[in-house]
Amino acid sequence: MSVVIFAEIDNQQYKKSSLEAISYGKKVASDMGMSCIAVTFNTISGSDQLGTYGADKVVNIASTSEFTADNMSAAFAKACADLGAKIVVISNTYSGKSLAPRVAVSLNASLATNVISYPDTSNGFTVKRGVFSGKAFAYTNLTKDVKVLALTPNSFELNNSGSAVAVESHSVAMDSSKISIVKTEKASGKIPLTEAEIVVSGGRGMKGPENWHMIEELANLLGAATACSKPVSDMDWRPHSEHVGQTGITIKPNLYIAVGISGAIQHLAGVSSSKTIVAINKDPEAPFFKAADYGIVGDAFDVLPQLIQALKN
Amino acid sequence: MKVLVCMSVVPDTTTKITFTDNNTAFNKQGVQYIINPYDELAITRGLELAEANNGTVTVVHVGLADTEASIRKALSMGVNEAIRIDADPIDAQFVAEQIAAIAGGYDLILTGRESIDYNGGAVCGLLGAMLNLPSVNVVTEINYNGGTFEFVRDIDGGRETVTCAAPVVASAQKELCEPRIPNMRGIMAARTKPLQVLPATAANAATVYASYETPAPKRGVKLIDAENASELINILKNEVKVI
């Protein structure tokens, strides 16, 4: 019996969220007396290093077919079955989200997404997951024999105390996909919002898209991703992919800096799991100050240049 | 073109979330319910595609009778007919199984990217696998040309354009369209449009919600003088050690 982890490659390296999933899988496997196997598609050099994050074995599926949700999930599910998977761990990235449900159906498994805790096996198999877009958590019992867990990125510590392991190839018949990829566009050098450890976010208080260079400069100095509130994306000041909140993306970085965002309940829902929250707003009554760890009551146009200058020094 | 849109009914986005029965059940008291915002986009784009291609849109919802006002709202947006599967939606897998039982014969099956209550984001993929159809997640554009759909979807750190022959399942992301607001004629017409109620098919629960909790309150904000804002950097660096 094993815990099988989907190890996702992006831009010729393993995603940090997949390494988190492997460290998570290793702990679960140790607690339950199982082995921890990382499965990768079209391996890259350095895959043996997945062992340092906890994989007892790395299994590679090689294929010349184009990978999309349908054929990749089918091949991954077959590999899981071959490897005796009882627990399947996938990071809840966009690719993970398209795979996990299909894998759960193929394996006749229970599925939990947005998982933010290790399983409690004292009475069944229970995990904590985020619900109501960050406004609450639910303890969910997975009742089927096989379990598929999709982990929220940035929720678990990396543990790289292991050592390198061998990479074995595993042959799975790969169907051709019914979906054809026509074009892929990636913003180069940008940190994906859901995986960013620091996020700098702007709201209507920034007064217009022409002032975003200050948000971007602060973000660059901090190695942060940029985000925005709903009104800002609704007014097309920023792309919708940056909108965090209840109807946007839910994030949980180590540090969230909100500039000129009042902190409506819908916005707070998407960011309240952030470990440290800083609110900068000229209105001392802004609701964000009740949800923040640190606050500055002041105009963004006075405060941001000071922060940027301090970081440059 | 036949379009099926799967619709959830969720608490309004301004709802303060609380629980009852020793934190084992969601407190529905005083809660206003709405069509899940992403599903509203799916309905709207479904209608636009059907209108341009001589098609029809059916809405399916798994829920109890108290959700019918929201179903009528979908009909007033222009949806041709609705199906309510009479069951409490236990989890995503249960809902997908119920919908899969009636989802044959459609060219396009749409869901929202996720519901804003349980945030599973799973029904699109579950339905795809159950019906043995391809599924395309988080789409911001859908176009149709001679039996083939073209989707633009969000991927990690970018976007991707894909094509797929009908039938296919896809989930709607923000930016797909502006949600349609029902007009008076639509509201009048909705009253007499068909709303079929079907019994649920037997399904085994895959998950059980044991209990809930709300996030721990913050300890209180520490204010930093705006004249001395650089102190914030000092604190984040040396006290919180986060940068």
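All chains are named by letter (A, B, ...) in the order of the sequence lines, taking the proteins before the strands, and each is independently numbered beginning at 1.
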Using non-hydrogen atoms only, which part of [X] is less than 4.5 Å away from chain A: side chain, backbone, both, or neither?
{"X": "K222(B)", "answer": "both"}
{"X": "L232(B)", "answer": "side chain"}
{"X": "L127(B)", "answer": "neither"}
{"X": "Q173(B)", "answer": "side chain"}
{"X": "Q93(B)", "answer": "side chain"}
{"X": "P217(B)", "answer": "neither"}
{"X": "F149(B)", "answer": "neither"}
{"X": "R219(B)", "answer": "side chain"}
{"X": "N228(B)", "answer": "backbone"}

Measure across [X] and [Y] and return the closest heavy-atom pair with its distance rounded to 0.1 Å.
{"X": "I296(A)", "Y": "A226(B)", "result": "CG2-CA, 3.7 Å"}
{"X": "R102(A)", "Y": "S135(B)", "result": "NH1-OG, 2.7 Å"}
{"X": "Y118(B)", "Y": "N114(A)", "result": "O-ND2, 4.4 Å"}
{"X": "G120(B)", "Y": "T113(A)", "result": "O-OG1, 3.1 Å"}
{"X": "V221(B)", "Y": "G295(A)", "result": "CG2-N, 3.4 Å"}
{"X": "A122(B)", "Y": "P101(A)", "result": "O-CB, 3.4 Å"}

Most chain A-contacting option - heavy-atom pairs closer than 4.5 Å, from [options]:
{"options": "V138(B), T207(B), N137(B), T163(B)", "answer": "T163(B)"}
{"options": "I235(B), V162(B), V168(B), D225(B)", "answer": "V162(B)"}
{"options": "K16(B), K174(B), E178(B)", "answer": "K174(B)"}
{"options": "T140(B), V10(B), D117(B)", "answer": "D117(B)"}
{"options": "G158(B), P37(B), A210(B), P215(B)", "answer": "P215(B)"}

Part of [X] within contact of chain B (heavy atom distance under 4.5 Å):
{"X": "K15(A)", "value": "side chain"}
{"X": "A291(A)", "value": "backbone"}
{"X": "N141(A)", "value": "both"}
{"X": "E8(A)", "value": "side chain"}
{"X": "A150(A)", "value": "neither"}
{"X": "K128(A)", "value": "side chain"}

Step by step, would you call L311(A) with I243(B) a side chain to side chain contact (heavy atoms under 4.5 Å, CB included)?
CA-CA 10 Å; L311(A) 282 165; I243(B) 59 174; 4.2 Å; yes
Top contributor to chain B interface from [options] [non-hydrogen pairs under 4.5 Å]:
{"options": "P192(A), A69(A), A292(A), A279(A)", "value": "A292(A)"}
{"options": "S133(A), A224(A), S106(A)", "value": "S133(A)"}
{"options": "T140(A), L193(A), I198(A)", "value": "T140(A)"}
{"options": "A136(A), G298(A), S272(A), S180(A)", "value": "S180(A)"}
{"options": "S233(A), S73(A), S110(A)", "value": "S110(A)"}
{"options": "V278(A), L142(A), V105(A), D70(A)", "value": "V105(A)"}

If you count the non-hydrogen atoms of other residues, nucleotides and ligands that lie under 6.0 Å from NZ in K144(A), is the total more than 12?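 For K144(A), atom NZ is crowded (more than 12 foreign heavy atoms under 6.0 Å).
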In terms of heavy-atom contacts, does CG of N145(B) have more than 12 from other residues, nucleotides or ligands at under 6.0 Å?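 Not more than 12 within 6.0 Å, no.
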Between Y212(B) and F132(A), does the ring centroid distance fall short of 6.0 Å?
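Centroid distance Y212(B)-F132(A): not below 6.0 Å, so no.
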Quick one: does [X]'s side chain get under 4.5 Å of [Y]'s, heavy atoms only?
{"X": "R153(B)", "Y": "S98(A)", "value": "yes"}
{"X": "E160(B)", "Y": "Y94(A)", "value": "no"}
{"X": "Y209(B)", "Y": "R129(A)", "value": "yes"}
{"X": "L255(A)", "Y": "V240(B)", "value": "no"}
{"X": "I179(A)", "Y": "F151(B)", "value": "no"}

Taking [Y]'s backbone N and O only, do any of them form a donor-acceptor pair with [X]'s side chain (distance below 3.5 Å, no angle check)?
{"X": "E197(A)", "Y": "V242(B)", "result": "no"}
{"X": "Q306(A)", "Y": "E231(B)", "result": "no"}
{"X": "S211(B)", "Y": "Y139(A)", "result": "no"}
{"X": "K135(A)", "Y": "T15(B)", "result": "yes"}

TODO: Apply salt bridge (Lys or Arg N to Asp or Glu O under 4.0 Å) to D156(B) and K97(A), showing your working.
DONE: CA-CA 11 Å; D156(B) 299 288; K97(A) 279 179 195 187; over 6 Å; no
About how many Å separate [atom2] of [Y] and [atom1] of [X], when rounded to the nearest 0.5 Å?
{"X": "T247(A)", "Y": "E114(B)", "atom1": "OG1", "atom2": "CD", "answer": "10.0 Å"}
{"X": "N254(A)", "Y": "L236(B)", "atom1": "CG", "atom2": "CG", "answer": "11.5 Å"}
{"X": "E239(B)", "Y": "T276(A)", "atom1": "CD", "atom2": "OG1", "answer": "11.5 Å"}
{"X": "I265(A)", "Y": "D12(B)", "atom1": "CD1", "atom2": "CG", "answer": "9.5 Å"}
{"X": "E150(B)", "Y": "K183(A)", "atom1": "CD", "atom2": "NZ", "answer": "8.0 Å"}
{"X": "N132(B)", "Y": "K178(A)", "atom1": "CG", "atom2": "NZ", "answer": "4.5 Å"}

Q: I would like to know whether Q246(A) and N119(B) meet side chain to side chain contact (heavy atoms under 4.5 Å, CB included); could you show each step before the answer?
A: CA-CA 10 Å; Q246(A) 188 162 17; N119(B) 310 108; over 6 Å; no
**Message:** Set out, in order, the CA-CA distance, both residues' side-chain angles and the distance that settles side chain to side chain contact (heavy atoms under 4.5 Å, CB included) for Q266(A) and T14(B), then state yes or no.
**Reply:** CA-CA 6 Å; Q266(A) 296 97 325; T14(B) 57; 3.4 Å; yes
Discussion item. Pair H240(A), D154(B) - check side chain to side chain contact (heavy atoms under 4.5 Å, CB included), show working.
Written reply: CA-CA 10 Å; H240(A) 80 97; D154(B) 282 352; 3.3 Å; yes
